[in-house]
Number of protein chains: 2
Amino acid sequence: MKLINEKITDYIQNNQTFLLMTHQKPDGDAIGSVIALGRGLKQIGKQIDYFMQDPIEQNLSFFDEIKYFNKTENQSYDAVIVVDCSTWTHICKPAKLPEYKAVINIDHHITNEGYGDLNHVENVAAASELIYRLLKQMNIPLDEEMADALYTGISTDTGSFQFSNVTSATHQILAELYQYPYRYADIARRVHHEKSLMQMKMCGAAIENTTLINDATIAWTVLDYKTIHQYGGDINISDDIANIGINIKGVSIGVTLKEVEKDIYRVSLRASSECDFDVSSIAKCHDGGGHNKASGFTFQSNLEALKQEITSKFNEIKDGRNQ
Amino acid sequence: MKLINEKITDYIQNNQTFLLMTHQKPDGDAIGSVIALGRGLKQIGKQIDYFMQDPIEQNLSFFDEIKYFNKTENQSYDAVIVVDCSTWTHICKPAKLPEYKAVINIDHHITNEGYGDLNHVENVAAASELIYRLLKQMNIPLDEEMADALYTGISTDTGSFQFSNVTSATHQILAELYQYPYRYADIARRVHHEKSLMQMKMCGAAIENTTLINDATIAWTVLDYKTIHQYGGDINISDDIANIGINIKGVSIGVTLKEVEKDIYRVSLRASSECDFDVSSIAKCHDGGGHNKASGFTFQSNLEALKQEITSKFNEIKDGRNQ
């Protein structure tokens with residue numbers, strides 16, 4: 001395996017106090033890579049603080065190390081280490097930053113801005129892959145929680161080893177992680193399947209309210225204000241709900257709409273793996289973001305107009321391709 | 001890695017004609033291991049026939065090799081090779097067997113009866129793991145379809161690498177499979193997520209018809225005759241539907257009931273990974289089968305009586321444990 005930037009491992013080796021941070025709304029890879037790195041560096045006598053003030057999803061709250069989050073006391077650090085965050089503005093960080101001598105930036109997003117004084121950016125499936133390699137390179141053994149954390153990071157960022165970002169190296173790391181005592185089956189159930197009754201019912205309602213349009217190439221899923229509040233009011237569109245459409249055989253585009261307020265919708269677009277229509281082209285017209293397979297935006301107006309817009313754009317590209 | 005029984009590889013090396021079979025209602029591991037083995041042996045000049053007359057699920061029908069299934073012409077074979085089948089009676093085999101000199105039995109179920117003249121039974125996650133090792137041991141390279149087949153076998157028998165049967169060796173094999181040209185992300189979507197609109201709607205209806213009983217420790221899901229026929233009439237309980245209950249936070253036992261005919265139910269029981277109640281104890285009282293985490297039976301009578309029976313047995317064990 002390729003080495004992690006040795007200037008980073010040398011800097012860590014030769015310094016003492018570190019503040020760990022990651023992106024806003026931390027996901028499994030953000031939390032997993034921060035915890036594995038933090039616990040690992042403590043093992044070799046470093047002083048570690050975590051700035052992790054964004055809420056942690058229920059499904060990811062099982063790590064013991066979380067009790068050390070946000071106990072930050074130091075006024076200054078030898079370095080701030082940021083993992084899994086492609087831009088400086090997107091970091092979950094204190095309103096007033098403490099003093100620090102350097103920023104270390106470790107990330108797997110190829111779009112990373114390189115905002116660190118020392119950077120390691122490499123296009124792998126998860127930041128946790130990089131942290132695994134860094135710990136190995138520094139000869140830091142994994143304890144049980146570190147192994148769980150790295151498993152969580154890789155498993156969540158690859159959709160349980162299913163996405164096209166998985167490589168031979170990903171499974172090589174897993175083969176090594178399974179040499180540690182593990183409870184990965186429980187973690188997998190928790191991070192990929194477990195839902196509250198309300199979340200499960202909202203999923204059911206989303207399926208119920210899915211219709212196929214445009215010769216069954218587009219799935220249209222609407223959750224109205226009343227339904228959302230009947231099932232707990234969570235207005236985020238979970239991956240489970242956003243993916244309902246494209247998991248239906250023959251569907252190219254899945255459109256999921258949650259009515260946040262009267263006639264205001266949070267819209268989520270997904271393209272199936274075989275479909276080469278770039279859904280972010282629609283999101284961008286509505287000041288949204290994302291990438292070609294998954295994007296989103298907020299929409300205020302009538303849904304028929306939006307349905308018309310998406311259908312025509314999709315057919316235009318499709319027809320163009322068939323000519 | 002441990003060697004596959006060398007008497008098996010020697011026998012294959014020194015003989016010419018083989019009939020491949022697997023268990024009834026073949027799943028991804030059965031089909032994957034048969035196809036990888038069949039194509040591999042053809043590569044080294046062996047003559048291979050497949051007896052695979054049970055229907056193949058839509059999600060698994062993408063293998064090119066399937067076109068060679070059931071073209072059996074020979075009256076006799078040097079060996080019948082059976083993969084992934086623990087008992088002789090459970091093999092999908094011709095009413096009148098052709099002549100054969102030997103039965104070779106390759107399986108990963110520890111309950112395997114050892115019905116072969118030559119046997120390799122080893123408790124690994126999937127029969128496809130054993131076939132991978134056998135091919136490697138015989139120096140047979142994988143072509144693209146063989147790699148896809150082995151991936152399919154391992155991925156389906158491990159719930160996408162989530163079940164507790166996964167080991168370091170499983171991921172080691174995957175690390176090697178990813179060195180071949182692959183389309184595993186597409187296969188994963190197809191075998192784990194893709195549903196017809198009707199299957200998806202049946203899932204939605206099952207969620208809709210799930211209630212929690214016994215202080216929310218038991219999930220009770222009923223699909224009545226009318227609903228089943230509204231959504232295509234498939235009376236099998238798919239894993240997606242059977243697992244709805246135990247994927248709800250706090251639930252220990254998931255009970256799913258499909259009304260096959262008026263007042264006759266196909267019942268599926270699941271226990272969550274943290275629950276040590278053996279659901280097969282209930283299935284056995286009703287002439288059903290399965291194991292401690294997943295079992296099933298047919299039930300004819302009123303559902304309230306069954307609900308009462310399951311609840312009391314579960315509470316009895318639970319209360320016993322708490323004393």
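Numbers restart at 1 for each chain; the letters A, B, ... are given by sequence-line order, proteins then strands.
Within 6.0 Å of OH in Tyr182(A) there are more than 12 heavy atoms belonging to other residues, nucleotides or ligands. Heavy atoms from other residues, nucleotides or ligands lying under 6.0 Å from CZ of Phe62(B) number more than 12.
Chain B forms the most heavy-atom pairs under 4.5 Å with one residue out of Gly159(A), Gly250(A), Ala188(A), Ala169(A), and that residue is Ala188(A).
Considering every non-hydrogen atom in both Ser164(A) and Ala185(B), the closest pair reads N-CB, 3.8 Å.
Both the backbone and the side chain of Ile244(B) come within contact range of chain A, with heavy atoms under 4.5 Å apart. Heavy-atom distances place the backbone of Phe163(B), and not its side chain, under 4.5 Å from chain A. Heavy atoms of Thr170(B) lying under 4.5 Å from chain A are absent altogether. Only the side chain of Leu212(B) comes within contact range of chain A, with heavy atoms under 4.5 Å apart. Within the 4.5 angstrom heavy-atom criterion, atoms from both the backbone and the side chain of Val166(B) approach chain A.
Partners of Asp278(A) according to the side chain to side chain donor-acceptor pair (under 3.5 Å) rule, which considers only residues two or more places apart in sequence or in another chain, are Ser280(A).
Of residues 146-156 of chain A, those residues with a non-hydrogen atom less than 4.5 Å from any non-hydrogen atom of chain B are, in numerical order, Tyr151(A). Interface residues of residues 189-207 of chain A toward chain B, defined by a heavy-atom distance below 4.5 Å and sorted by number: Arg189(A), His192(A), His193(A), Glu194(A), Lys195(A), Ser196(A), Leu197(A), Met200(A), Lys201(A), Cys203(A), Gly204(A), Ile207(A). Proximity to chain A at a heavy-atom threshold of 4.5 Å picks out nothing from residues 230-238 of chain B.
Atom CG of Asp240(A) is separated from atom CG of Asn247(B) by 9.0 Å, given to the nearest 0.5 angstrom. Atom CD of Glu176(A) and atom NE2 of His171(B) lie 12.0 Å apart (nearest 0.5 Å). To the nearest 0.5 Å, the span separating CD on Gln162(A) from CZ on Phe161(B) amounts to 8.0 Å.
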